[in-house]
Amino acid sequence: MTISGRSAPRAAAAENGGRMPHPELTDGELVERVGAGDRDAFDELYRRYTRPVLGLALRRLGDRGRAEDALQEAFTAVWRSARTYDPSRGAGGAWLYTVARNAIVDGARRRPEPVAAVPDQPDEGAGPPERAEAAWLSWRVHRAIADLPEHERRLIELAYWGGLSQSEVAQFLDVPLGTVKTRTRSALARLADVLDGELE
Amino acid sequence: MKNRFDELVGGLDDLDPAERARLQRVHELLVEAGPPPEVPLDLLEPPAAEPVRLLPQRRRYALALIAASLASVAFGSGYLLGGRGDDSSVVRSISMASVGEGGAAVASIEIREQDGAGNWPMVMRVRGLRESRSRDDYYELWLTRNGELADSCGRFIVSGGVTEVALSVPYGFKRYDGWVVTRRGSEEPVLST
């Protein structure tokens with residue numbers, strides 16, 4: 001595949017209102033297509049996972065600039081190693097998580113952040129297993145949010161992380177309060193379907 | 001936040017206990033996960049399909065050079081990818097939150113499809129900024145580059161409640177890395193992505 005080969009799918013995406021051609025495929029199917037050199041599939045994976053990968057990198061590296069670099073490295077790693085994906089060994093999202101995490105960790109090792117001072121006290125925060133579990137949880141949740149319809153995604157972000165009450169969200173979005181509550185419930189149900197494994 | 005579940009979803013009398021518990025668990029997961037990060041404009045486009053070795057801290061500039069070679073669709077094409085609004089004319093939604101003296105303000109920007117002349121119409125909604133005292137006490141929306149104010153997207157004044165303003169700019173967004181709102185007389189942001 002050549003760089004110039006990207007032009008056609010981009011143009012097609014622009015013509016159909018910015019939507020990518022593979023919204024119906026599972027993550028695993030997309031990874032398989034990426035392994036076969038499908039640029040459109042790669043773009044769709046990027047759209048779905050930009051925020052989860054950036055969130056993972058931020059969590060791991062704690063620095064915005066380094067995390068943004070790591071995001072690029074992670075997706076380059078996805079492109080390079082997609083042909084090794086074996087759907088019988090796990091879901092596409094889990095595979096992508098592993099590849100992204102390894103790319104982030106490898107990048108951090110290659111370019112360690114200078115240590116200004118050694119802390120006097122031991123870190124009493126969460127240990128590695130707890131941090132790993134929290135990172136995986138955020139990854140799943142952020143991935144699920146990425147696929148919500150736009151009007152539900154904005155509502156969830158305003159209500160949960162914008163600090164607005166439902167009345168304020170209704171006023172902000174200029175929709176009735178009842179609509180906000182209905183959409184919130186609908187969004188939560190949609191997320192519940194996607195996050196089924198996390199709910200047990 | 002955990003106690004807000006009932007407020008967020010409204011009356012749940014019509015839900016069976018199992019469904020209520022399921023939704024509440026999702027609510028708790030959202031609280032635990034925290035907000036997903038905002039993605040800078042210049043990272044909305046995927047990296048080149050041909051893997052390239054890039055210099056640390058500068059790879060986005062190299063990617064910009066690669067993107068520039070995509071002559072036929074480079075302008076704004078990657079920008080289109082992120083949006084999936086139910087309003088088909090919205091190609092991207094941007095969220096902003098208060099910083100500095102912005103108090104508890106929030107804002108959103110809906111970028112609409114490019115018009116025939118090449119402008120990007122947008123609708124900005126702002127809530128929580130201090131009210132403008134006069135017409136001269138305006139706010140200004142900026143695109144930023146390398147952490148500096150780069151190009152203005154327009155000015156507006158704020159009254160109580162939600163202020164909605166229609167703006168339009170001719171810029172190619174890929175040249176920028178963020179959005180901020182400033183108040184007249186200061187370059188300190190009161191809202192930022």
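Just so it is clear, the structure is predicted and the values come from calculations on it, not from any experiment.
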Distance-only criterion, 3.5 Å: show the donor-acceptor pairs between side-chain atoms of residues 98-105 of chain A and protein atoms not counting sequence neighbours.
residue: A:Thr98; atom: OG1; partner: A:Ala94; partner atom: O; Å: 3.1
residue: A:Asn102; atom: ND2; partner: A:Thr98; partner atom: O; Å: 3.3

**Asked** Could you give the distance from CG (B:Leu8) to CG (A:Leu188), rounded to the nearest 0.5 Å?
**Response** 7.5 Å
**Request:** Heavy-atom distances under 4.5 Å only: say whether B:Ser108 touches chain A with side chain, backbone, both or neither.
**Result:** both
**Message:** If you define the side chain from C-beta out and look only at heavy atoms, does anything of A:Asp174 sit under 4.5 Å from B:Val162?
**Reply:** no
**Item:** Residues in residues 86-93 of chain A near chain B [non-hydrogen atoms, under 4.5 Å]
**Value:** none
**Item:** Spacing of CZ belonging to B:Arg127 relative to CD belonging to A:Glu168, to within rounding of 0.5 Å
**Value:** 3.5 Å
**Request:** Tell me, out of A:Ala187, A:Ala77, A:Ala189, who's got the most heavy-atom pairs with chain B below 4.5 Å.
**Result:** A:Ala189
**Request:** Find the one option among A:Ser167, A:Pro52, A:Gly178, A:Ser165 whose heavy-atom pairs under 4.5 Å with chain B are most numerous.
**Result:** A:Ser165
**Item:** A:His142 (side chain) donor-acceptor with B:Pro37 (main chain) under 3.5 angstrom
**Value:** no
**Message:** Quick check for you: to the nearest 0.5 Å, what is the distance between A:Lys181 atom NZ and B:Asp6 atom CG?
**Reply:** 9.0 Å
**Message:** For the CG atom of A:Leu137 and the CD atom of B:Glu32, what is their distance to the nearest 0.5 Å?
**Reply:** 5.5 Å
**Region of A:Arg59 that comes under 4.5 Å of a non-hydrogen atom in chain B** = side chain
**Complete:** The interface call for A:Leu54 against chain B, heavy-atom contacts under 4.5 Å, is both
**Non-neighbouring partners of A:Trp95 that pass ring pair (Phe, Tyr, Trp, His ring centres under 6.0 Å), sequence neighbours left out** = A:Tyr85
**Fill in**
When rounded to the nearest 0.5 Å, the distance separating CG of B:Leu23 from CG of A:Leu191 is 10.0 Å
**Item:** From CA spacing to verdict: side chain to side chain contact (heavy atoms under 4.5 Å, CB included), A:Trp161, B:Ser95
**Value:** CA-CA 11 Å; A:Trp161 304 304; B:Ser95 299; over 6 Å; no
**Prompt:** Do the non-hydrogen side-chain atoms of A:Tyr160 and B:His27 ever get within less than 4.5 Å of each other?
**Reply:** yes
**Request:** Under 4.5 Å heavy-atom distance to chain A, tell me which part of B:Glu164 shows up: side chain, backbone, both or neither.
**Result:** neither
**Asked** Hey, are A:Asp193 and B:Arg22 close enough for a salt bridge, meaning a charged N less than 4.0 Å from a carboxylate O?
**Response** yes
**Prompt:** So what's closer than 4.5 Å to chain B heavy atoms on A:Leu164: side chain, backbone, both or neither?
**Reply:** both
**Item:** Nearest atoms (heavy-atom pairs only) where B:Ala33 meets A:Ser138
**Value:** O-OG, 3.3 Å
**Test side chain to side chain contact (heavy atoms under 4.5 Å, CB included) applied to B:Val26 and A:Val141, step by step** = CA-CA 9 Å; B:Val26 173; A:Val141 172; over 6 Å; no
**Item:** Linked hydrophobic residues, B:Tyr138 as query - side chain contacts closer than 4.5 Å
**Value:** B:Ile157
**Request:** For the pair B:Glu110 and A:Arg154, find out whether any cationic side-chain nitrogen is under 4.0 Å from an anionic carboxylate oxygen.
**Result:** yes
**Message:** Quick check: is B:Val126 connected to B:Val106 through a chain of hydrophobic side chains (ILVMFWY, heavy atoms under 4.5 Å apart)?
**Reply:** no
**Request:** Find out whether B:Pro36 and A:Glu157 are in side-chain contact, i.e. whether some heavy atom of one side chain is under 4.5 Å from a heavy atom of the other.
**Result:** yes
